[in-house]
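Each remark here refers to the structure printed beneath this line.
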Amino acid sequence: MLVVDPGLPTPPFEQIKQQIVAARESGEFPANHRLPPVRHLALELGVAPNTVARAYRELEASGVIQTRGRAGSFITGTADSAEKAGLAAARAYVATVEGLGLTASDALRLVRGLVAEA
């Protein structure tokens with residue numbers, strides 16, 4: 001959750017930018033995570049819509065987010081975020097396979113078959 005502290009010397013738009021970048025790096029906001037619309041986030045944070053718009057514009061200029069017209073603004077992926085997302089997917093797959101009573105060999109055979117099809 002993003003917050004703006006008016007007591008800090010850092011301007012609010014910069015606080016928003018820093019928090020979004022940190023959330024992207026930590027994986028809290030993975031690739032393709034949809035950010036709230038400018039007006040909604042501004043209302044939530046108690047700042048002017050132009051403050052959030054400026055943060056989003058600067059984040060887009062630096063490649064951290066991508067705006068897709070009326071669809072909204074989304075976090076862009078990084079190699080690190082792709083690795084983290086892949087690891088999370090692998091963990092979920094392992095848990096599912098174990099729940100089904102399949103062996104590790106069965107799981108690998110299934111994955112290899114899918115990769116061969118692709």
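Position 1 is the first residue of the sequence, and the numbers go up from there. None of the values given here were measured: they were computed from a predicted structure. Only heavy atoms go into these numbers, but all of them, side chains included; no hydrogens, no water, no symmetry mates.
- Remark: Q19 CD to S26 OG distance equals 11.5 Å, nearest 0.5 Å.
- Every residue two or more places apart in sequence or in another chain that forms a side-chain contact (heavy atoms from CB on, under 4.5 Å) with R68 is listed here: N32, Q66, A71, F74.
- Alongside L8, the hydrophobic cluster contains no other residue (criterion: ILVMFWY side chains under 4.5 Å).
- Legend: residues meeting salt bridge (charged side-chain N to carboxylate O under 4.0 Å, His left out) with R34, ordered by chain and number and at least two apart, are absent.
- Under the 3.5 Å distance criterion, the side-chain polar atoms of T67 are left unmatched by any main-chain donor or acceptor of G69.
- Under the side-chain contact (heavy atoms from CB on, under 4.5 Å) criterion, T103 pairs with S105, D106, not counting sequence neighbours.
- Linking Ile, Leu, Val, Met, Phe, Trp and Tyr residues whenever their side-chain heavy atoms come within less than 4.5 Å places L100 and V111 in a single cluster.
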Show me the side-chain donor-acceptor pairs of residues 87-97 shorter than 3.5 Å, one per line, residues at least two apart or across chains.
{"residue": "Y93", "atom": "OH", "partner": "A107", "partner atom": "O", "Å": "3.1"}
{"residue": "T96", "atom": "OG1", "partner": "A92", "partner atom": "O", "Å": "3.0"}

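- Under the 4.5 Å side-chain contact rule for hydrophobic residues, M1 and F13 do not share a cluster.
- For A104, the side-chain contact (heavy atoms from CB on, under 4.5 Å) criterion is met by no residue, not counting sequence neighbours.
- Applying the salt bridge (charged side-chain N to carboxylate O under 4.0 Å, His left out) test to residues at least two apart or on different chains, the pairs with a partner in residues 43-66 are K17-E58, R54-E58.
- The side-chain contact (heavy atoms from CB on, under 4.5 Å) test applied to Q18 returns T10, E14, not counting sequence neighbours.
- Applying the side chain to side chain donor-acceptor pair (under 3.5 Å) definition to pairs two or more places apart or across chains, none involves residues 108-118.
- Through direct or relayed side-chain contacts under 4.5 Å between Ile, Leu, Val, Met, Phe, Trp and Tyr, V64 connects to L2, V4, I16, I20, V21, F29, L35, V38, L41, L45, V47, V52, Y56, L59, I65, I75.
- Annotation for G77 and A31: closest pair CA-CB, 3.5 Å, computed over non-hydrogen atoms.
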